[in-house]
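Heads up, the thing below is written out as C-alpha cells.
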Amino acid sequence: MSEAASPTASLDFIREMIAADVAAQRNEGWVITRFPPEPNGYLHIGHAKSICLNFGLALENAPQSRCHLRFDDTNPTKEEVEYVDSIQEDVRWLGFDWGDHLYYASDYFEKLYGFAVQLIDKGLAYVDDQTPEQMRLTRGTLTSPGTASPWRDRSPAENRDLFARMRAGEFKEGEKILRAKIDMASPNMNMRDPAIYRILHAHHHRTGDAWCIYPMYDFAHPLSDALESITHSLCTLEFEHHRPLYEWLINNVDGLPGQPYQREFARLNLTHTVMSKRKLLRLVKEGLVSSWDDPRMPTISGMRRRGITPAGIRNFCHTIGLTKYPSLSELGLLEHCVREDLNKYAQRVYGVLRPIKVVLTNYPEGQVEHVELVNNPENPADGTRKVPLSRELYVDADDFMEVPVQGFHRLVPGGEVRLKYAFCIICQEIIKDAEGNILELRCTYDDATRHGAKPVGRPKVKGTIHWVSAAHAVDAEVRLYETLFTEAEPESAAGEDGDFTQFLNPQSLETVIAKIEPSVADSKPGTHYQFERVGYFYTDPKDSLPGKPVFNRTVALKDGFVKK
RNA sequence: UACCCCGUGGUGUAAUGGUAACACAGGAGAUUUUGAUUCUCUCGUUUAAGGUUCGAGUCCUUACGGGGUAACCA
C-alpha cells in the first residue's frame, strides 16, 4: 500500500517497539495484532485510526504477521448483530482483510470460565455478596484507599461452589459477583479487587441463553488476546491504568498460549465534530442528523456515503501519526487527503449548482453542437466526451456579479468571460422581473474565440467558467455539506454543563436543484465526480436513481479567489 | 486535592546527546481554457527555571500547563 511507511521513514513509538521485538525474535518474530470492537454501535473515523494501525502493522510485518478482527461481545445488553455486520463492512471498505481470523470473545466463554475457576483455586478471586452500591462505597476514592469486603477471605472451595451456582442461575443480577483479589489500597482504582464476572440474565446475540454470567472487559480482553496468541495489544490512552491489571491476569493465569503486552496511544480528535458514541447517538435519536450514515456524521458509513474514499482516510491516518499526546487534528487535513486522492481519478463533469439562464443572442436558434471535453486532465487516458451546446445555457450564479468586487474576473455586465472549451461571451443585458430578480443574461458569443483558436490583438480573457446547455441539462438534487458544527471543539465550547448541540451548524446541509450535463443523468450510484471548478461529488448510494441522480458534495475544491 | 500519561511553528508529526526538519493551514509568485492541480518562494517552533555535558528539544530536578482515572460498560 502506498501509504505504508517506507523503510527510511522514521517510526512511531509503537512501531519502534515492535521492530525491536522482531529484531529480538520475540515470539519468533511474529507480529499478531487485533482490532477488537464491541458490536454496540457504528464505527467512526476514530476507529479508523486503530484499524489502520493494527491492520497496517500486519501488512508491514508480513509474512510473519496477521491482524484479527475480534468482537468484544461480553455485554449482551448492549450488543446486536446489526453492528457486527456493519463493522465488518466498514473494515473491509477501508481496505483491510482479516482472512480467516474472525473471532468473538463469546467463543471463549467456556475457557474464560475455566480461567476464573483457576484464579479461585489459587486464592486470587472471590465471590462477593456486596451490592453494587456497597462495592462503590468500599472501593474508596481517588485520594483514599478502599476497604476489604467481608467476603474477601472466603475459601477457594466455597468460592468455587458459589461461582458454579452463579453460572447455574441460582442468583439474581447484582446478588453476587466474582472479583479478583488484588489490592484494595492500590492507588490504581483498577487494582482494587476489580469485578471480573457478573450475573446478567440476558440473551446474548451469539450464545443465546447458554450463559447468565458474563466476563468483564478487564478479564476477558487480556485472556482473549492471549488465547489468540496476540503479540501486541494496542488500545487508546484511557486504558493505560488498566495495563497493570492486564499484566496481572497474563501473569497469574496458567496455560495461556500467548504472552501479549498492551500499549496505548492517543485517540483521534477531529475539529468540527464529536466522536463519542453517546453524542453521536444523540444526534441520530433527536433527528439532528438523518441517520448513522448521514454524510455529515464522522462515522465510516457516513463518510462512505458522502464520498470520502478509503485511501483518503488511510492517508489521513498515516499523516496524523501516532503518539501519546492528546492532539486535535484539523478537519482540513482530512479534506486535503480526500482531494489528493480524488484528484487522481474523479471524472470531471459540468454541474451548475445555482443556475442563471444565459441566452446567446447571436447564436442560431435551434442549433446544437457538441463540444469535446477532457474527462480528466490528470489522466489523459480517461479520454474525452461530447457535451451539447446551444443558444440557451445555464451558468452558475457565483460566476456572475452585477456589481463586481475587486479582482472578480468572471462574468460581469459588459465584460467578457470564456465558456470553458467553447468560446468567449460578453454580457450585454440583464433581464429582471418586477421584483428585480435576474431572469436571464443576454450575451453575445465570439466565434473567433473558439477553443484552440488564438485570435491576435485581443486582451486575454481572465475568467473561464463552466456551463450547461439549458435544453439538454438534467435536474439533479445536490446536497451541499458544511461542517456539522460551527465550533472547532463543540464539546469544550459548550463547557461542563453546556449542550454541544447549540453549536450545530445550521448550514451543514443545503439542498439545491442543480443543472448537470446529460452524460451523468444515468450515473451509477456510488460514483465519484469532480464538478469542474466546484468540488467533488458522489452519487448517493441510497437515493440516487438512473435518470434521477442525487449528488452529495464530498468536499469543495479549494477556492483561491478571496474577495478583498 | 491521589495516581498515571503527555508538553516541539496556527495544526499534526520528525529529529534516538551533535546544523530543529516535513506535511497541512496562511501569505507571495509562476504555470494553467478548473481562481483547481502542479511548481517556486515565504511565514513561523523546542512551556519555564535550574542542573549534567565540550555540546540538551532529547538526560535529571522543580514549577507550570494539558489529558486520563473512582460501571456489576468497553
Side-chain angles (χ1 to χ4, degrees), chain A residues 9-12 16 36-38 40-41 72-75 77-79 105 128 130-133 135-136 139-146 173-179 186-190 192 194-200 213-214 216-218 220-221 235-244 264 266-267 269 271 277 316 319-337 339-340 343-344 348 350 374 377-378 407-410 418-424 449 451-452 460-466 488 530-535 556-562:
Chain A
S10 64
L11 301 179
D12 56 67
E16 205 166 273
E38 182 188 17
N40 70 344
D72 224 328
D73 54 351
T74 56
N75 185 356
T77 63
K78 289 186 168 178
E79 298 150 7
D128 196 342
Q130 290 186 112
T131 62
E133 174 71 3
M135 256 180 74
R136 192 172 57 76
R139 185 162 29 233
T141 68
L142 292 175
T143 51
S144 62
E173 286 180 19
E175 228 172 88
K176 297 229 174 338
I177 191 147
L178 187 70
R179 290 228 250 173
S186 171
N188 182 344
M189 302 296 286
N190 293 297
R192 318 242 263 229
I196 56 176
Y197 253 100
R198 81 287 214 182
I199 298 170
L200 237 36
I213 57 171
Y214 292 90
M216 301 286 291
Y217 163 86
D218 278 318
H221 201 89
C235 60
T236 46
L237 244 27
E238 65 272 26
F239 292 102
E240 225 166 3
H241 323 256
H242 296 241
R243 188 151 111 198
E264 313 81 14
R267 68 183 326 140
N269 296 298
T271 62
K277 220 166 255 181
F316 171 71
T319 305
I320 57 173
L322 197 71
T323 65
K324 300 184 78 161
Y325 178 74
S327 58
L328 175 68
S329 295
E330 289 175 348
L331 223 209
L333 182 59
L334 208 213
E335 293 180 340
H336 163 81
C337 292
R339 283 193 204 99
E340 187 183 45
N343 180 48
K344 292 182 287 194
R348 274 58 171 173
Y350 285 179
V374 173
E378 301 293 316
F408 185 81
H409 45 253
R410 302 171 199 173
R418 175 173 293 283
L419 297 185
K420 193 173 181 193
Y421 287 120
F423 38 61
C424 295
T449 59
H451 179 65
K460 193 168 158 59
V461 173
K462 275 188 178 168
T464 302
I465 65 175
H466 59 286
Q530 184 197 100
F531 286 11
E532 267 198 68
R533 303 204 314 122
V534 178
L557 246 34
K558 278 172 70 176
D559 187 358
F561 173 60
V562 278

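All chains are named by letter (A, B, ...) in the order of the sequence lines, taking the proteins before the strands, and each is independently numbered beginning at 1.
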Under 4.0 Å, heavy atoms only, any strand: does [X] hit a base, just the sugar-phosphate, or nothing?
X	value
E79(A)	nothing
R348(A)	base
G452(A)	base
E330(A)	base

Complementary nucleotide of [N], counting Watson-Crick and G-U pairs under 3.5 Å:
N	answer
U53(B)	none
C22(B)	G12(B)
G44(B)	none
C72(B)	none
G7(B)	C64(B)
U38(B)	A30(B)

In terms of side-chain heavy atoms of [X], which of [options] is nearest?
X	options	answer
S10(A)	A74(B), A14(B), G35(B)	A14(B)
Q530(A)	G7(B), A14(B), U34(B)	U34(B)
E378(A)	U37(B), C6(B), A70(B)	U37(B)
A195(A)	C72(B), U34(B), G35(B)	C72(B)
H241(A)	U34(B), U69(B), C73(B)	U69(B)
Y421(A)	U34(B), A15(B), U33(B)	U33(B)
H451(A)	G35(B), U33(B), C4(B)	U33(B)
S327(A)	G12(B), C3(B), A74(B)	G12(B)

Does [N] have OP1 or OP2 under 4.0 Å away from a side-chain N or O of [X]?
X	N	result
R139(A)	C72(B)	yes
T464(A)	U34(B)	no
R267(A)	G67(B)	no
K462(A)	U33(B)	no

| field | Donor-acceptor side-chain pairing of H241(A) and N190(A) below 3.5 angstrom | value |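 Checked: H241(A)/N190(A) side chains show no N/O donor-acceptor pair below 3.5 Å.
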| field | Minimal non-hydrogen separation, N343(A) against Q530(A), with atom names | value | OD1-NE2, 4.5 Å
| said: To check you understand the geometry: which heavy-atom pair defines the closest contact between F561(A) and G407(A), and what is its length? | reply: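 So the minimum-distance heavy-atom pair works out to CE1-O, 3.4 Å.
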Any donor-acceptor N/O pair under 3.5 Å between [N] base and [X] side chain:
X	N	answer
E16(A)	U16(B)	yes
H466(A)	U34(B)	no
E238(A)	U69(B)	no
R533(A)	G35(B)	no

Inter-nucleotide [atom1] distance ([N], [M]), Å rounded:
N	M	atom1	value
G57(B)	G50(B)	P	14 Å
A15(B)	U58(B)	C1'	9 Å
A63(B)	A70(B)	P	26 Å
G35(B)	U13(B)	C1'	31 Å
G26(B)	G65(B)	P	33 Å

| note | When R339(A) and K176(A) are each assigned the nearest nucleotide of RNA chain B, the 5'-most assignment goes to R339(A)
| task | Take G332(A) and D559(A), find for each the nucleotide of RNA chain B with the closest heavy atom, and name the residue whose nucleotide sits nearer the 5' end. | result |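 Nearest-nucleotide comparison on RNA chain B picks G332(A).
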| request: Find out whether F239(A) and H221(A) are in side-chain contact, i.e. whether some heavy atom of one side chain is under 4.5 Å from a heavy atom of the other. | output: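 No, their side chains stay 4.5 Å or more apart.
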| Syn/anti state of A71(B) by chi, 90° boundary around 0 | syn
| said: Please determine whether the number of non-hydrogen atoms from other residues, nucleotides or ligands lying under 6.0 Å from atom NZ of K277(A) exceeds 12. | reply: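 It does: K277(A) NZ has more than 12 such atoms within range.
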| For atom CZ of R267(A), is the number of surrounding heavy atoms from other residues, nucleotides or ligands below 6.0 Å larger than 12? | no
| field | Candidate pair E133(A) and R136(A), rule salt bridge (Lys or Arg N to Asp or Glu O under 4.0 Å), full reasoning | value | CA-CA 5 Å; E133(A) 174 71 3; R136(A) 192 172 57 76; 3.0 Å; yes
